[in-house]
Amino acid sequence: MSRGGDTARATVPADADTVRTRTGALPDRITPLDDGTCTVDISADNPLHIAQRLNLGPQVTLEADPELAGHRRALGQQLLDAAHSINAPAEPEQPAP
């Protein structure tokens, strides 16, 4: 990966128009492979920003610097924690002693 910024390539099981709509990616960063698969090239100055932009579904295959894996795990944990907080009932306030 280049050090002018971090890059990743995602192979996505969706057509290019769908991926372009979902990601807002520039057309020249999306390459159709066939009618139902394309690649998306993403770059950023910070690998965390790439991790945040690559929320394209569970069947996505990534080619990226291994450092990106830790950022993806951390982002996944944050999303999981947020989902759990939605379902958790609020703790009732206890009267002061």
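- Distance check: H84 NE2 to L79 CG gives 11.0 Å after rounding to the nearest 0.5 Å.
- Considering only residues two or more places apart in sequence or on other chains, R29 meets the side-chain contact (heavy atoms from CB on, under 4.5 Å) condition with L26, S43.
- T11 pairs by the side chain to side chain donor-acceptor pair (under 3.5 Å) definition with nothing, not counting sequence neighbours.
- In this structure, T21 contributes its side chain and D17 its backbone to a donor-acceptor pair below 3.5 Å.
- Checked against side chain to side chain donor-acceptor pair (under 3.5 Å), D81 has the following partners two or more places apart in sequence or in another chain: Q77.
- Shown here are the side chain to side chain donor-acceptor pair (under 3.5 Å) partners of D34, two or more places apart in sequence or in another chain: T37.
- Summarising the geometry, atom CZ belonging to R20 is positioned 12.5 Å from atom CZ belonging to R22; distances are rounded to the nearest 0.5 Å.
- In this structure D41 satisfies the side-chain contact (heavy atoms from CB on, under 4.5 Å) test together with R9, sequence neighbours excluded.
- Side-chain contact between I30 and C38 is present, with heavy atoms from C-beta onward closer than 4.5 Å.
- Between V12 and V40 there is a side-chain heavy-atom pair separated by less than 4.5 Å.
- Distance check, rounded to the nearest 0.5 Å: CG of D15 to CG of D35 gives 8.0 Å.
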